[in-house]
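The structure displayed is predicted, hence computed values, not measured ones. So you know, we letter chains A, B, ... as the sequences are listed, proteins then strands, and number each from 1.
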There are 2 protein chains.
Amino acid sequence: MGGIEAGGMEFDLDLSKPLYEQVLQQIRGSIARGGIALGDKIPSVRELAQTLKINPNTVMRAYQELERDGLTETRRGQGTFITTNDEVVQNIRYNLAREATKEFLEKMYSIGFTKTDIQRFLGEGDE
Amino acid sequence: MGGIEAGGMEFDLDLSKPLYEQVLQQIRGSIARGGIALGDKIPSVRELAQTLKINPNTVMRAYQELERDGLTETRRGQGTFITTNDEVVQNIRYNLAREATKEFLEKMYSIGFTKTDIQRFLGEGDE
DNA sequence: GTAGTGTATTATATCACTTAATACACTCAG
DNA sequence: CTGAGTGTATTAAGTGATATAATACACTAC
C-alpha cells in the first residue's frame, strides 16, 4: 500500500529518513533481490522526480551514490543503467548484510542479550 | 577506548548521531544489561554535561526521554534515579530487542535474504 | 542561607536536507 | 541540423533538527 511504481520498481517514501537515502536504498534493494534485471535502464532523473513528486536534485543525489558504488552506469544523453557486473552486485549485497548484522548484534549485546538469547529470540513468532 | 566514565557508566560519543540520542541509548543500555543497579542515582544534569563536555540542555533532553519511558525517576532538588521497577526495565529491554530484530529482518529481506540465509549468515565468524 | 538538584525560557548558530530555477554537454530520432 | 530527452553543475533560498549559551526559577538537603 502507498507504494509508487516507477521503472519496474516500487517506491515507498516517508519522513523518517532523508528522501535521497530512501530512493537509494529502495533501488539498491531492487537490484540486490533481483527485482530488476542487470543492464536494465532505470527512470531518468527528471522522470523519477516527477513520479515521486520530489526534486530532481534529490533523485540525482541518490543516483550518484548508486554509481559511486558501481551499481549503475550512467551514459550522458542516454540514461542510467543497472550494472551488468554481477560480482559487484553480490559484493554489495554481502556487505549490506554484514553491516546490518553487525549493527543488529551490537544493539542486542548492548542491552544484555547473549548469542543464544538472540537465536531464541529470532525463532519467536515464526509461522 | 575513547570512552568516558561517569556515574558507573561508560560513555562514548561521536558525530554519527544526535548527542542526546547517544546519551539516552548508552544509559538505557547500562540499565538493560544491568551495568547499573536499580535505584541507583545517575549523575546530575550539570555534572554529566561537564564530564562529557556537552551542553546541559542536551543532557536534559536525554534524561527527559528516560523518564518518559519510566526508566528513571527524577526528584526535584535530589537528582535522577534508576527506577526500582524491574518489570518496566524488562519490558523496555524486550521492546528494544523486538524493534532491533524487526529492523534487521526487514533490511535482510529487502536485499533478498531468506530466513535460512539469515540463520546461516548469523552463524558465520563464530569463535 | 548556601549549594546542589531538576526545569524552563529565549536567543543564536550550525548543519543536513530539500526545493527552485537555470544552464550546459551529450545522444538520438526525425 | 533540430529538438527532445538524457546526465550534470551551480546558485540561492527555506526549513527543521540539533546544539550551545545565558539566565532564571523551584525544590531539597545540610
(request) Hey, which sits more toward the 5' end of DNA chain D by its nearest nucleotide, A:Gln64 or B:Arg61? (result)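 By nearest-heavy-atom nucleotide position, the 5'-most residue is A:Gln64.
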(message) With nearest nucleotide decided by heavy atoms, which residue, B:Arg76 or B:Ile54, maps closer to the 5′ end of DNA chain D?
(response)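 Its nucleotide being nearer the 5' end, the pick is B:Ile54.
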(request) Starting from the 5' end of DNA chain C, give me the residue, A:Arg75 or B:Arg75, whose nearest nucleotide shows up first. (result)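 It is B:Arg75 whose nearest nucleotide is closer to the 5' end.
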Nearest-Å distance for atom pair [atom1]/[atom2], residues [X] and [N]:
X       : N      : atom1 : atom2 : value
A:Lys41 : C:dC28 : NZ    : P     : 12 Å
A:Leu15 : C:dT18 : CG    : C1'   : 12 Å
A:Lys53 : C:dT19 : NZ    : P     : 13 Å
B:Asn55 : C:dT9  : CG    : P     : 16 Å
B:Gln78 : C:dT5  : CD    : P     : 12 Å
B:Leu19 : C:dC15 : CG    : P     : 14 Å
B:Glu47 : C:dA3  : CD    : C1'   : 14 Å
B:Gln50 : C:dG4  : CD    : P     : 11 Å

Would you say the side-chain atoms of [X] and [Y] include a donor-acceptor pair closer than 3.5 Å?
X        : Y        : value
A:Asp117 : A:Thr114 : yes
A:Gln25  : A:Lys17  : yes
B:Glu67  : B:Thr72  : no

(message) How about CZ on B:Arg98, more than 12 heavy atoms from neighbouring residues, nucleotides or ligands closer than 6.0 Å, or not?
(response) no
(message) Within the structure provided, determine whether B:Ser110 and A:Gln26 are in side-chain contact (heavy-atom separation under 4.5 Å).
(response)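 With C-beta onward as the side chain, the pair stays apart.
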(request) Check whether any side-chain heavy atom of A:Leu13 lies under 4.5 Å from a side-chain heavy atom of A:Leu52, and answer yes or no. (result) yes
(message) Can you see whether A:Phe113 has B:Arg93 sitting over its ring - NZ or CZ less than 6.0 Å from the centre and within 45° of the normal?
(response) yes
Every protein N/O lying under 3.5 Å from an N/O of nucleotides 10-12 of chain C:
none

(message) Applying a 4.0 Å non-hydrogen cut-off, can you work out what A:Arg46 is touching in the nucleic acid: base, sugar-phosphate, or nothing?
(response) base
(message) With heavy atoms of chain B within less than 4.0 Å as the criterion, where does contact along DNA chain D begin and end?
(response) D:dT18 to D:dA29
(message) So does A:Tyr20 get a backbone contact from the side chain of A:Arg61, meaning a donor-acceptor N/O pair under 3.5 Å?
(response) no
(request) Anything under 30° is parallel, anything over 60° is perpendicular, the rest tilted; go ahead and classify A:Phe104 against B:Phe104. (result)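 Parallel.
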